[in-house]
Amino acid sequence: MQVGTREVEPGRFVLAPLGDIDMASVRRVEQALQAVLDRPGVVEIVVDLAEVPFLDSTGVAALLRGAAEAVGRGASLRVANPRPLVARVLRITAVDTLLGLPGGDADGTSSVEPGWRRLR
C-alpha cells in the first residue's frame, strides 16, 4: 500500500492510495490522513480512490474518522473516483453522501436515511 499526497492549492490536498484498503494496510492510510490534518491551514482533503480496488470496513471506518477529525479542525474530507466495488461498499454502508459522493443510488437519491447529517 502506498499513499501519494499532493497539495493542489494552498490548504487543499489530494491523497491517492494505491492498493487495497483493508485491515492489513489501513494504518498507512490513517498515517497519511493524520499527516495532512496536522498541517496548518488545511481546508479540504480529497481522497482519490481511483487506484483502490477493494475497501473493507476498517477502511470505511478510517475514512469516517478522518472526515470527523477534519470537521473538528474546520476542514472537510471527501472521497472521489471510487471504482464500482468500492462505491458499492460506501453505498451499502450508507456513508457515500457523508463522504461527499453525489447521489448514492442509480436513481440519484441518497442511501442515507432521513435524519442523518452530512459531515460538513
Side-chain angles (χ1 to χ4, degrees):
M1 160 63 63
Q2 296 176 340
V3 183
T5 303
R6 70 183 189 281
E7 188 171 16
V8 293
E9 58 185 65
R12 299 187 188 281
F13 293 84
V14 173
L15 288 173
L18 174 62
D20 295 345
I21 302 177
D22 57 18
M23 190 170 66
S25 64
V26 74
R27 185 76 182 125
R28 299 231 6 158
V29 174
E30 291 171 332
Q31 290 170 338
L33 278 170
Q34 194 61 53
V36 170
L37 285 165
D38 288 342
R39 293 185 181 201
V42 173
V43 294
E44 181 182 41
I45 301 168
V46 176
V47 181
D48 185 347
L49 298 174
E51 299 300 323
V52 175
F54 177 76
L55 176 76
D56 74 3
S57 62
T58 61
V60 171
L63 292 171
L64 287 174
R65 281 191 302 275
E69 174 115 6
V71 169
R73 294 178 183 219
S76 65
L77 180 145
R78 65 182 176 87
V79 297
N81 305 318
R83 292 183 179 187
L85 177 63
V86 172
R88 183 168 187 253
V89 168
L90 295 172
R91 189 177 62 250
I92 64 174
T93 56
V95 300
D96 50 348
T97 56
L98 289 173
L99 293 173
L101 288 178
D105 296 328
D107 63 2
T109 62
S110 172
S111 62
V112 176
E113 295 296 321
W116 278 80
R117 293 186 325 182
R118 282 184 70 151
L119 294 175
R120 187 112 160 120

At what distance, to the nearest 0.5 angstrom, does [atom1] of [X] lie from [atom2] of [Y]?
X: Asp96; Y: Arg88; atom1: CG; atom2: CZ; result: 12.5 Å
X: Glu44; Y: Glu9; atom1: CD; atom2: CD; result: 8.0 Å
X: Leu77; Y: Leu98; atom1: CG; atom2: CG; result: 11.5 Å
X: Ser76; Y: Leu99; atom1: OG; atom2: CG; result: 11.0 Å
X: Leu90; Y: Leu63; atom1: CG; atom2: CG; result: 7.0 Å
X: Ile21; Y: Glu51; atom1: CD1; atom2: CD; result: 11.5 Å

Less than 4.5 Å apart, any side-chain heavy atom of [X] and any of [Y]?
X: Val47; Y: Arg78; value: no
X: Val46; Y: Val79; value: no
X: Leu49; Y: Asn81; value: no

Quick one: do Met1 and Leu18 satisfy side chain to side chain contact (heavy atoms under 4.5 Å, CB included)? Show the steps, please.
-> CA-CA 6 Å; Met1 160 63 63; Leu18 174 62; 5.7 Å; no
Applying side chain to side chain contact (heavy atoms under 4.5 Å, CB included), run through Leu33 and Ile45 and close with a yes or a no.
-> CA-CA 8 Å; Leu33 278 170; Ile45 301 168; 4.3 Å; yes
So, [X] side chain and [Y] main chain: donor-acceptor pair closer than 3.5 Å or not?
X: Asp20; Y: Asp22; value: no
X: Glu30; Y: Gln34; value: no
X: Arg6; Y: Phe13; value: no
X: Arg28; Y: Gln2; value: no

List the atom of [X], the atom of [Y], and the distance in Å for their closest heavy-atom pair.
X: Ala50; Y: Arg83; answer: O-NE, 2.9 Å
X: Val26; Y: Ala62; answer: CG2-CB, 3.6 Å
X: Pro10; Y: Glu7; answer: CA-OE2, 3.4 Å

Under a single-linkage rule joining Ile, Leu, Val, Met, Phe, Trp and Tyr whose side-chain heavy atoms are separated by less than 4.5 Å, which residues share a cluster with Phe54?
->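 For the cluster that includes Phe54, the remaining residues are Leu85.
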Do Val52 and Val60 belong together in a cluster built from hydrophobic side chains that touch within less than 4.5 Å?
->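 Linked, Val52 and Val60 end up in one cluster.
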Same hydrophobic cluster for Leu64 and Val29, using side-chain heavy-atom links shorter than 4.5 Å among ILVMFWY?
->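 In one cluster: yes.
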Is the shortest distance from a Lys or Arg side-chain nitrogen in Arg73 or Glu69 to a carboxylate oxygen in the other one below 4.0 Å?
->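 A salt bridge is present here (some side-chain N lies under 4.0 Å from a carboxylate O).
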Given side chain to side chain contact (heavy atoms under 4.5 Å, CB included), test Thr97 with Leu101 step by step and report yes or no.
-> CA-CA 5 Å; Thr97 56; Leu101 288 178; 5.8 Å; no
